[in-house]
Amino acid sequence: MTRFHRLFSALCWACALLPGAVMLLLIGFLLRQGWGSLDLHLLFGDTPPLDALFRFVPVWDGIWPACFGTLCVVVLAGVISIPLGILCGIHLSEFAQGRFRDILSFCVDLLAGMPSILMGLFGFALILFLRHTLLPDVGTGLLLSGFCLGLLVLPYMVNATYTSLSSLPQDLRLLGPSLGLNHMQSIRHILLPSAGKGIVSGLVLSLGRAAEDTAVIMLTGAVANAGMPRSLFDKYEALPFYIYTTAAEYQTPEDLNRGFGAALVLLVMTTGLFLAAHLLHQAMERRWRRG
Amino acid sequence: MMTENVTQLNKSNIIKTIGSMLCLCLLGMIVCSTALAGGLDAFAGKKGTIAIAGGTAHIPVMKKAARAIMTANPDIRITVAGGGSGVGIQKVGEGLVDIGNSGRKASDAEVARYGLVMFPFAIDGVATVIHAKNPVDSLTAAQVRDIFAGRITNWKDVGGPDAAINLYSRDESSGTRAVYWKKLLKKGPIAVSANIVPSNGAMKSAVSRDLHGIGYVSIGHLDKTVKAPKLEGVAVNQQTAMDGTYPVVRKLYMNTKGRPTGLVKAFVDYVTGPDCVEIITASGFIPIQ
Amino acid sequence: MSAGSHISSPIPARIVIAVSAWISAAVVLSIFLFLAWFCRPLLDTTVLSSLLSWDWRPFQGDFGILSMLTGSLLLASSSMLLAFPVGMGICCFVHGVGPPGPARLVLWTIKLMTSVPTVVYGFVAVFVLVPLLRDVFREGSGFSLLAAILGLAVLVLPTVVLMLHSQFLTIEPQVRLTAAALGMAPSQKLLHLVIPASGRGFLAAAILGLGRALGDTMIPLMLAGNAAQLPGSVFDSIRTMTAHIALVVATDSRSLAYLSLFACGLLLFMTTALINLGLRMLAGNRENGS
């Protein structure tokens with residue numbers, strides 16, 4: 001081995017240490033700063049947790065409203081994008097042909113590459129437009145954010161479905177026709193169940209993406225102080241937005257500690273979703289490797 | 001003898017003090033409870049949502065008022081967002097929020113265009129702030145102007161350590177910036193190299209973390225984590241802002257599109273009324289009452 | 001299997017699927033049309049020329065967004081210049097330079113990094129990276145181009161590594177026998193066979209990473225300082241187009257500040273579309289080539 005190759009190997013080793021170092025620093029710092037504040041008080045402040053959970057008693061100095069707001073927008077985004085994404089993915093993988101297929105896949109790619117702040121700007125412009133035309137009383141809020149986040153993660157869902165379906169082995173595709181099923185039936189009874197775990201894994205990942213996005217919600221209805229939302233048109237608090245505002249404007253050490261707590265909670269949430277997706281994906285791969 | 005007398009005197013003094021303190025406390029509590037109950041009565045039985053946005057100096061008052069109201073009546077929801085005075089005026093004008101706060105008077109054009117009604121509720125000043133450990137104690141108005149214009153770039157030129165000055169400013173929507181620019185900088189230039197932060201709160205925490213930083217912030221946001229150097233020898237606090245010796249003062253406004261009604265009116269009345277005086281004072285502002 | 005009960009209804013299901021695909025395409029197109037419609041006032045040449053200038057000083061009536069455009073391009077390209085070589089190193093490590101155990105661990109860490117919220121990276125950087133830069137270099141406030149470059153490089157690193165990784169996966173089997181026949185060490189194989197053969201894949205990874213870096217909002221908003229100026233050094237504060245949109249929440253449709261948002265949006269969108277077309281052409285060429 002020449003010196004050049006040895007140098008190259010050394011550089012590769014150095015690079016390979018970086019991601020681990022960054023992650024250790026990130027998690028270590030958050031744990032050191034935020035571990036102490038991780039308790040029910042972080043979530044609910046001085047309000048009794050059960051009252052806050054079931055009687056919607058307002059919570060002060062706690063991040064529960066932000067958690068609940070994030071939960072709401074993620075569910076809304078899922079409701080909008082999951083059915084549309086799966087069906088669109090099936091179409092792309094099984095039916096679409098020719099020019100329409102090209103247009104559709106280009107649209108999906110374009111949407112996937114679109115910066116999330118643009119989606120936020122779209123939502124913001126949409127509400128201004130609606131106010132000037134059809135619905136003079138609407139404002140920014142949960143529904144708008146959910147809608148925009150749903151559109152933001154739609155391409156991920158389409159791609160997850162598409163990839164899972166098209167990566168199925170060829171003999172499985174022949175199984176349906178050989179049993180006398182038509183195309184639709186074989187999708188319904190053979191292909192979708194087989195690709196199910198891969199699809200679900202993609203969906204879970206996309207929901208994680210919806211939960212962490214900040215740029216969309218800051219233009220479409222997330223605010224710093226809102227309490228619990230009561231309707232779909234209410235403004236709301238959300239974890240990523242809470243973390244962003246705390247980083248800039250914490251006033252007291254307690255505020256800052258809550259910020260660290262919130263960052264930990266969000267991190268655990270998204271990495272949890274990621275791990276779930278990872279396990280599902282592995283389960284699917286194992287299945288087809290064995291088969 | 002003497003000592004005994006003294007101790008007795010002390011004792012009676014102490015008893016007196018404790019007694020009077022207790023009385024004051026009791027009185028205070030009674031006043032508070034009646035005042036609170038009285039002021040919050042207007043919200044009894046009401047339901048609905050008030051959306052507030054705009055001026056960031058107002059946020060502590062808005063949050064505390066919202067907390068008092070929502071604690072008394074959980075059926076009411078009050079959402080508070082920032083954005084700056086310009087955003088507050090535009091948003092209330094477009095009807096996107098119910099109350100748009102501003103730390104400056106809405107311009108005649110804005111009032112005419114949107115049909116705004118202004119409700120001033122507090123007097124506030126805008127203070128120059130530096131890091132708490134910065135040895136500079138006093139600045140002249142000319143020095144401040146030169147610093148923000150980028151003509152003075154080192155702290156040693158104004159009696160500080162030999163270190164570059166880090167400028168912090170606000171976005172154009174800010175009423176705090178507008179007032180500071182007009183009344184202290186005399187509409188002089190602000191260097192484009194200044195870091196831009198989005199709110200009074202962010203300004204305070206940015207400067208409190210930067211040993212060589214300088215910025216400007218609402219007097220209500222001053223605390224021990226930052227230092228407000230004297231301006232032309234005048235200390236910066238509520239007192240000097242109120243008696244006019246500190247010149248960079250302004251009013252804090254709530255703006256509504258047209259005369260407010262219902263819940264919004266109740267809120268505006270509450271904040272401008274006698275029951276909010278305590279909240280406004282505790283937030284570091286001078287109530288207009 | 002209950003297939004019999006479904007024989008009568010394959011067509012409606014198929015229609016539902018086709019319709020939802022159409023809806024998705026229509027929604028995407030309508031987003032673009034909508035943004036384009038809101039950009040109409042930009043067609044006015046006086047508006048356009050005042051927006052396409054260098055100074056952003058709203059009090060003096062200057063609403064130029066070119067310094068934001070420069071800021072975006074500068075930040076994205078510098079962070080890619082940093083992330084790409086590092087990503088390449090990591091990828092080579094995973095594909096033979098490093099032992100299999102650590103290689104798997106590194107790849108897994110990279111995948112885990114994709115799940116960290118951007119705002120959490122920003123949050124930690126505000127309290128770790130920014131004070132560090134301020135104390136080490138003693139130049140400026142720490143909120144600077146450099147802070148944003150470092151933050152953004154960390155953010156796009158997984159994108160780059162995973163793209164390169166999949167490229168290596170397709171090239172490696174093709175050269176495995178050659179390398180074995182020549183008795184090459186893993187690093188020799190990578191340097192002399194795999195890397196020269198995957199030029200297009202590198203370009204695709206670089207373009208994709210650049211798109212991701214250009215489009216990110218939170219890192220520049222939280223770390224770059226947001227001064228609308230041309231930076232003189234990496235310690236200066238800059239503003240990107242994405243941060244500009246987030247910062248200037250103007251709703252007054254007649255103001256130039258409001259139009260500047262849509263001008264930034266349009267520029268961002270056009271770069272995204274160009275990047276997509278570029279990637280598509282690369283992929284198309286590859287299919288034709290093979």
Side-chain angles (χ1 to χ4, degrees), chain B residues 53-54 81-97 100 109-110 113-114 131 150 153 161-174 177-178 181-182 185 187-199 202 205-207 209-215, chain C residues 54-64 67-68 71 126-128 130-135 137-145 147-148 220-233 235-240 243-244 246-258 260:
Chain B
S85 304
V87 169
I89 288 171
Q90 281 181 17
K91 277 198 169 168
V92 73
E94 299 276 344
L96 287 164
V97 294
E110 284 164 340
R113 178 165 169 206
Y114 293 128
H131 193 270
T153 56
D162 180 11
I165 297 176
N166 297 329
L167 286 179
Y168 290 85
S169 184
R170 292 277 309 279
D171 51 288
E172 300 76 39
S173 167
S174 163
R177 173 178 170 145
W181 179 64
K182 194 171 142 201
L185 303 183
K187 305 202 176 180
I190 296 179
V192 283
S193 58
N195 284 349
I196 304 291
V197 293
S199 68
S205 47
V207 173
R209 288 201 300 260
D210 189 344
L211 194 53
H212 303 123
I214 184 168
Chain C
W54 289 100
D55 291 318
W56 175 263
R57 284 180 308 216
F59 285 114
Q60 281 91 339
D62 296 326
F63 291 90
S67 52
M68 285 70 139
V126 164
F127 294 102
V128 178
V130 170
L132 189 76
L133 292 180
R134 180 154 55 207
D135 295 343
F137 294 104
R138 305 199 160 277
E139 185 117 18
S141 60
F143 293 98
S144 56
L145 180 57
L221 183 64
M222 294 172 90
L223 302 180
N226 297 322
Q229 63 169 351
L230 287 175
S233 79
F235 302 110
D236 279 353
S237 154
I238 61 149
R239 187 187 292 188
T240 63
H244 182 70
L247 212 58
V248 182
V249 202
T251 56
D252 176 1
S253 54
R254 286 182 242 169
S255 69
L256 274 171
Y258 176 85
S260 78

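Per chain, numbering begins at 1; letters A, B, ... match sequence-line order. It should be emphasised that the depicted structure is a prediction, and the values quoted were computed from it without experimental measurement.
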Full working for side-chain contact (heavy atoms from CB on, under 4.5 Å) between Arg209(B) and Val126(C): CA-CA 10 Å; Arg209(B) 288 201 300 260; Val126(C) 164; 3.6 Å; yes
For Tyr114(B), ring pair (Phe, Tyr, Trp, His ring centres under 6.0 Å) partners two or more places apart: none
Check: Ser237(C)/Asn195(B) side-chain N/O donor and acceptor closer than 3.5 Å: yes
Matching residue for Ser141(C) among Asp210(B), Val207(B), Leu211(B), Ile165(B) - test: side chain to side chain contact (heavy atoms under 4.5 Å, CB included): Asp210(B)
Value rounded to 0.5 Å, distance of NE2 in His212(B) from CZ in Arg138(C):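 So the gap between those two atoms works out to 7.0 Å.
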With Arg113(B) via salt bridge (Lys or Arg N to Asp or Glu O under 4.0 Å) - residues at least two apart: Asp252(C)
Segment of [X] engaging chain C (4.5 angstrom heavy-atom cut-off):
X: Ser193(B); answer: both
X: Glu94(B); answer: side chain
X: Ile190(B); answer: neither
X: Ala164(B); answer: neither

Exercise: identify the closest heavy-atom pair between Asn226(C) and Ile196(B):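 It is O-CG1, 3.2 Å.
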Closest non-hydrogen atom pair between Ala227(C) and Ala194(B), with its separation: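 Closest approach of Ala227(C) to Ala194(B), heavy atoms only: CB-O, 3.0 Å.
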Chain B contact via Phe235(C) - which portion, at a heavy-atom distance below 4.5 Å: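 For Phe235(C), there is no contact with chain B at all, as no heavy atom is under 4.5 Å.
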